[in-house]
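Throughout, a chain's letter reflects where its sequence line sits, starting with A, and its residues are numbered from 1.
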Amino acid sequence: MNLLTDVTEPFPQLRGVHHTAFPTWKPKSTVEFYRDGLGLRVPHAITAKGWGRAADEHPDFLHFFFEAGENSLIAFFYYVGTKPNPAFTAFRGQYLGLARHTAWMAKNVDELKRWRTVIKRTGAKVTPVVHHETLSSIYFQDPNGYDLEIACQERQLEEIDVVDANLTIDAMIDTFGDDNPNGQTIQDMWKKKAELVRKYMETAK
Amino acid sequence: MPSIYFPNVPEYQPLIKAISGQADVQCREAGGYVALTSPKEICVRRVDTGLIEAVWFGALVGGFEGRVAKFDDKELRIA
């Protein structure tokens with residue numbers, strides 16, 4: 001199924017990230033880290049009596065924001081009187097934990113290195129600069145245990161990157177579907193990918 | 001015959017060069033891809049590519065035909 005074929009009108013356009021939001025039970029440490037440690041300005045903060053439906057027993061709360069560049073924000077909720085919920089903040093395992101993260105953009109590797117120094121100064125652990133296929137990154141955690149990344153694009157993505165990404169997506173869906181019912185391996189997917197690439201190369205001649 | 005495909009982008013050039021420079025390896029280019037085929041096993045050592053692990057372990061991104069005889073942090077062999 002390709003939803004694009006069913007669309008007759010152009011999609012509306014997203015304009016980047018406005019904010020991502022997370023619960024915190026460490027408002028002091030959170031402010032010390034983001035505002036004082038990383039130097040992110042606080043442009044907006046909401047304080048409110050819990051006004052959700054009575055059945056939700058919505059606590060009173062604060063909702064505060066830090067500027068993360070290019071008009072994007074990272075935001076936190078502090079629910080007064082609630083106990084920390086480890087489902088949000090507990091260590092979730094090395095790779096699964098890292099899978100859910102916020103990645104900010106830096107201008108270049110020099111800026112990444114400067115950020116690395118700044119992050120170290122806060123006392124947080126930060127990885128060395130990791131060079132991936134098309135970008136470089138550093139990884140660290142905030143005082144709540146949330147995973148953060150700062151990355152910079154090492155080269156602009158080209159038409160072949162788009163073609164290849166979509167062939168990978170086709171191979172992935174064909175191989176694994178949802179929940180991988182046939183127990184396929186990544187090697188099965190790479191074989192499927194080769195089949196798609198071979199066909200693509202024939203039509204591109 | 002074992003084959004390996006790569007998008008023809010900068011980060012995979014060390015792999016493409018290391019494999020295409022080997023005897024009997026045939027190289028085809030089309031549509032922004034490179035296909036490398038050999039009548040015998042395709043073998044490439046990471047040390048010959050200079051690639052860091054983050055890129056090395058993505059070496060099969062373009063797909064392969066044959067059988068993965070070995071793929072660890074030192075060597076990739078497609079039989």
For this session: Measure B:Glu29 against the heavy atoms of chain A and call it side chain, backbone, both or neither at under 4.5 Å.
Result: backbone
For this session: Could you note down all residue pairs passing salt bridge (charged side-chain N to carboxylate O under 4.0 Å, His left out) where residues 27-48 of chain A supplies at least one of them, sequence neighbours left out?
Result: A:Lys28-A:Glu32, A:Arg41-A:Glu67
For this session: Quick one: which of A:Arg198, A:Lys192, A:Met189 has the most heavy-atom pairs under 4.5 Å with chain B, could you say?
Result: A:Arg198
Exercise. In residues 60-70 of chain B, which residues are in contact with chain A at a heavy-atom separation under 4.5 Å?
Worked result: B:Leu60, B:Val61, B:Gly62, B:Gly63, B:Phe64, B:Glu65, B:Gly66, B:Val68
Exercise. Which residues, numbered in order, of residues 9-20 of chain B come under 4.5 angstrom of chain A by heavy-atom distance?
Worked result: B:Val9, B:Pro10, B:Glu11, B:Tyr12
Assess whether atom [atom1] of [X] is packed by more than 12 heavy atoms of other residues, nucleotides or ligands within 6.0 Å.
X: A:Arg155; atom1: CZ; result: yes
X: A:Asp60; atom1: CG; result: yes
X: B:Gln26; atom1: CD; result: no

For this session: Would you indicate whether the side-chain heavy atoms of A:Leu167 and B:Tyr33 approach each other to under 4.5 Å?
Result: yes
Seminar exercise, completed: Heavy-atom closest pair (A:Ile160 atom, B:Pro7 atom, distance to 0.1 Å) is CG1-CB, 4.1 Å
Seminar exercise, completed: Applied to residues 119-156 of chain A, the ring-ring contact (aromatic ring centres under 6.0 Å, His included) test, sequence neighbours excluded, yields A:Phe22-A:Tyr146
Exercise. Looking at A:Val197, A:Leu196, A:Asp164, which one forms a side chain to side chain contact (heavy atoms under 4.5 Å, CB included) with B:Tyr5?
Worked result: A:Val197
